[in-house]
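All residue numbers in this chain count up from 1 along the given sequence.
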Amino acid sequence: MLACAASGGAAHASAPDVLTEFDADERAAIARHGPWPPPARPDPTNRASGRASAAALGRRLFFEPRLSGDGRVSCASCHDPARAFTDGVPRARGLDTLDRNTPTLIDVAGQRWYGWDGGSDSLWAASVRPILAPAEMGGSAEGVARLIAADHGLRTAYRRAFGPPGDDARVLADAGKALAAHLETLRSPRTPFDRFRDALAAGDGAAAARYPPAARRGLKLFIGEGRCAVCHAGPRFSNGEFHDVGIPFMPAPGRVDPGRHSGIRRVLSDPYNLLGRFNDEASVAATGVGDDVAKRDGIVDAASGGAVGVARAVATRTVTLQPRNWGEWKTPGLRGLARTAPYMHDGSRPTLRDVIRHYSELDLDRLHADGEALLRPLRLTPAQVDDLLAFLATLDPPVATLDAPAVPRGARR
Ligand code: HEC
Ligand code: HEC
């Protein structure tokens, strides 16, 4: 794909110009979208984080339909590895049809909030949530604990990762932590954009000139006039915050999906949140052994009033519901978009061109809160739309580097 843009001498002759195409501010803005990949940081709230034995269990559980109430829905039913961990339909279908689109799980780790509405405050809580959700997998802590106790392979893998099982709720939390340890390993490869970003930072004009001219124009728009980078910031191209960009949030006549507003309620009432007894942060920090220490120190049931002096939980403890949260959604990352259509929280935009058209023709009457301040209709020319699309395409890894992970042996699909 890039070979044509790099066609020999012509690219070389214009090499120095590419560096001067971007001024110092623009170069700094571009540098902030890297480096890639980011350093892997273990999650202190999950004692299984970064551990191979737990990731191996998590990988099996990911393809395990017996986690669900009717024994037929697995994580992979919606997060299909062959489709970049999405399902290709506007709204997810589990035991029932949901109001929301299935997001990819590639590069999922390291966020502060999970879900379109931030309804979970850790990757492991976000992995427990679909198991219990009646419309998704409709399972239960009891069912998951029973399955792990009864299945020889799962039981062995569980013991290897966690030791002897605790009560049912704790086994379910551990299943979520194993799933999270697996999901942490899903990182996207480097892209043409990453190579350009590094070339620009290193002042390597010849390497920078290999980046297609249309993508360079699109990138300029993205960080400049288009203001996309205000929200799609950093190496993942997401600021991790919640905004209203004017997508209607009525999934059906008379029914409203309030987005962040419901996410805050969900996270605060979730027994698996970071304020609850399953957060490993305090115990790991104290001694590295987990559970027993938590019990000894009396931080077992923090959700009901105990005090856990843990850093990660602060965000959850201090989050407050505001009217502006109504209809806000988490800014999605923009890497690997080619394989994750349709787009937006409700899957209402079939193609990236539709998404760009949305920003170009924005209906200001639909915006509220910070959307009003941050967005305005861009009224892009057709050539500018093409440039933005050319830029977004460079956030996709070359196809050859994309090996869909195979279904693990012994797992059922
Ligand atoms: C019925 C389809 C479906 C199934 C089954 C399903 N998911 Fe999801 N997943 C979704 C949807 C839809 C969302 C967005 C949820 C929201 O906004 O509330 C999501 C969100 C997530 C997220 C948060 C992603 C992010 O970037 O914020 C994680 C993590 C996740 N799922 C993991 C899992 C795991 C692990 C399983 C199996 C235990 C699973 N999912 C089963 C559809 C599904
Ligand atoms: C005010 C913050 C903000 C700005 C500015 C912004 N976005 Fe977004 N973007 C979001 C949010 C929030 C969503 C999800 C909205 C929803 O689902 O309702 C989104 C969704 C998207 C998606 C869909 C991704 C997916 O996986 O579904 C793309 C592509 C995108 N934006 C590109 C852009 C481009 C290009 C620009 C600049 C023209 C831009 N955005 C400007 C916040 C922003």
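Contact record, S127 with L183: OG-CD1, 3.8 Å, taken as the closest heavy-atom pair. Between G336 and T340, the shortest heavy-atom contact is O-CG2, 3.7 Å. Across all their heavy atoms, G34 and R197 have their closest contact at CA-NE, 3.4 Å. Taking each heavy atom of Y114 and A126 in turn, the nearest pair found is CB-CB, 3.6 Å. Taking both residues in full, the closest heavy atoms of R190 and P398 are given as O-CD, 3.8 Å, listed atom of the first, atom of the second, then distance. The minimum heavy-atom distance linking A233 with H33 is given by the pair CA-CE1, 3.9 Å.
Proximity of a side-chain donor or acceptor of H79 to a complementary backbone N or O of F85 within less than 3.5 Å is detected. A donor-acceptor distance shorter than 3.5 angstrom exists from the side chain of E184 to the backbone of G50, with no hydrogens or angles considered. Side-chain atoms of S49 never come within 3.5 Å of backbone atoms of P42 as a donor-acceptor pair (strictly under, hydrogens ignored). No donor-acceptor pair under 3.5 Å is formed between the side chain of H345 and the backbone N or O of G259.
A cation-pi contact, defined as under 6.0 Å to the ring centre and within 45° of the axis, links K177 to W124. Within the cation-pi definition used here (under 6.0 Å to the ring centroid, within 45° of the axis), R260 does not qualify as a partner of W116.
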Checking D121 against T316 for the side chain to side chain donor-acceptor pair (under 3.5 Å) test, could you report, in this order, the C-alpha distance in whole Å, the side-chain angles of both residues, the deciding distance, and whether it holds? CA-CA 7 Å; D121 59 2; T316 310; 2.7 Å; yes
For D198 and R195, what are the C-alpha separation, side-chain angles and deciding distance, and is it a salt bridge (Lys or Arg N to Asp or Glu O under 4.0 Å)? CA-CA 5 Å; D198 292 354; R195 285 193 290 277; over 6 Å; no
Does the side chain to side chain contact (heavy atoms under 4.5 Å, CB included) test come out yes or no for R277 and R170, once each step is laid out? CA-CA 9 Å; R277 67 180 168 118; R170 186 165 295 278; 3.9 Å; yes
Stepwise, does the side chain to side chain contact (heavy atoms under 4.5 Å, CB included) test hold for L105 with F62? CA-CA 12 Å; L105 298 180; F62 192 82; 3.7 Å; yes
Start with the C-alpha distance between H358 and R349, add both sets of side-chain angles, then the distance that settles side chain to side chain contact (heavy atoms under 4.5 Å, CB included), and finish with yes or no. CA-CA 9 Å; H358 166 78; R349 300 300 185 273; 3.6 Å; yes
Does L275 form a side chain to side chain contact (heavy atoms under 4.5 Å, CB included) with R317? I'd like the steps, not just the answer. CA-CA 7 Å; L275 301 174; R317 193 194 300 286; 4.0 Å; yes
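No side-chain heavy atom of I247 sits under 4.5 Å from any side-chain heavy atom of W329. Residues R376 and R227 form a side-chain contact, since some pair of their non-hydrogen atoms from C-beta on lies under 4.5 Å apart. Put simply, the side chain of R91 does not reach to within 4.5 Å of the side chain of N101, judged on heavy atoms. The closest side-chain heavy-atom distance from L337 to F237 is not below 4.5 Å. Counting heavy atoms from C-beta outward, W36 and T191 have side chains that stay 4.5 Å or more apart. Proximity of I30 to F193: side-chain heavy atoms (C-beta onward) are separated by under 4.5 Å at one or more points. Contact annotation: the side chain of Y343 approaches that of L352 to within less than 4.5 Å [non-hydrogen atoms, C-beta and beyond]. You'll find the side chain of P81 reaches within 4.5 Å of the side chain of F63, heavy atoms only.
Put simply, CG on L67 and SG on C75 are 6.5 Å apart, with the number rounded to the nearest 0.5 Å. Remark: D96 CG to D99 CG distance equals 9.5 Å, nearest 0.5 Å. The distance from the OG atom of S360 to the CG atom of L380 is 4.0 Å, given to the nearest 0.5 Å. Interatomic distance, OG1 of T156 versus CG of D151, reported as 8.5 Å (0.5 Å rounding). Atoms CG and CZ, from D257 and F249 in turn, are 9.0 Å apart once rounded to the nearest 0.5 Å. Here the straight-line distance linking atom OG of S122 with atom CG of N279 works out to 8.0 Å at 0.5 Å rounding.
One finds no salt bridge joining R216 and D387 here, because no Lys/Arg side-chain nitrogen approaches an Asp/Glu carboxylate oxygen to under 4.0 Å. R324 and D244 are not joined by a salt bridge, as no carboxylate oxygen comes within less than 4.0 angstrom of a charged side-chain nitrogen.
No hydrogens or angles considered: a donor-acceptor pair under 3.5 Å links the side chains of T331 and N239. Donor-acceptor pairing under 3.5 Å is recorded for the side chains of Y211 and T394. For the residue pair Y158/D174, the side-chain donor-acceptor check at 3.5 Å is satisfied. Side chains of D280 and T45: a donor-acceptor N/O pair is absent below 3.5 angstrom, by distance only. Side-chain N/O atoms of E328 and N325 include a donor and acceptor closer than 3.5 Å.
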Validation: residues 129-149 side-chain donor-acceptor distances under 3.5 Å, sequence neighbours left out:
| unit_1 | atom_1 | unit_2 | atom_2 | d |
| --- | --- | --- | --- | --- |
| R129 | NH1 | E136 | OE2 | 3.0 |
| R129 | NH2 | E136 | OE2 | 3.3 |
| S140 | OG | G143 | N | 2.9 |

Report all side-chain donor-acceptor pairs from residues 218-226 shorter than 3.5 Å, counting only partners two or more places apart or in another chain.
| unit_1 | atom_1 | unit_2 | atom_2 | d |
| --- | --- | --- | --- | --- |
| K220 | NZ | E21 | O | 2.8 |
| K220 | NZ | E26 | OE1 | 2.9 |
| K220 | NZ | E26 | OE2 | 3.0 |

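Results of the side-chain hydrogen bond (donor to acceptor under 3.5 Å, both in side chains) test with D117 over R100, R265, K330 single out R100 as the only residue that passes. Results of the side-chain hydrogen bond (donor to acceptor under 3.5 Å, both in side chains) test with R335 over D107, D194, T104 single out D194 as the only residue that passes.
By the neighbour-count criterion of 12 heavy atoms within 6.0 Å, atom CZ of R41 is sparsely surrounded, having that number or fewer from other residues, nucleotides or ligands.
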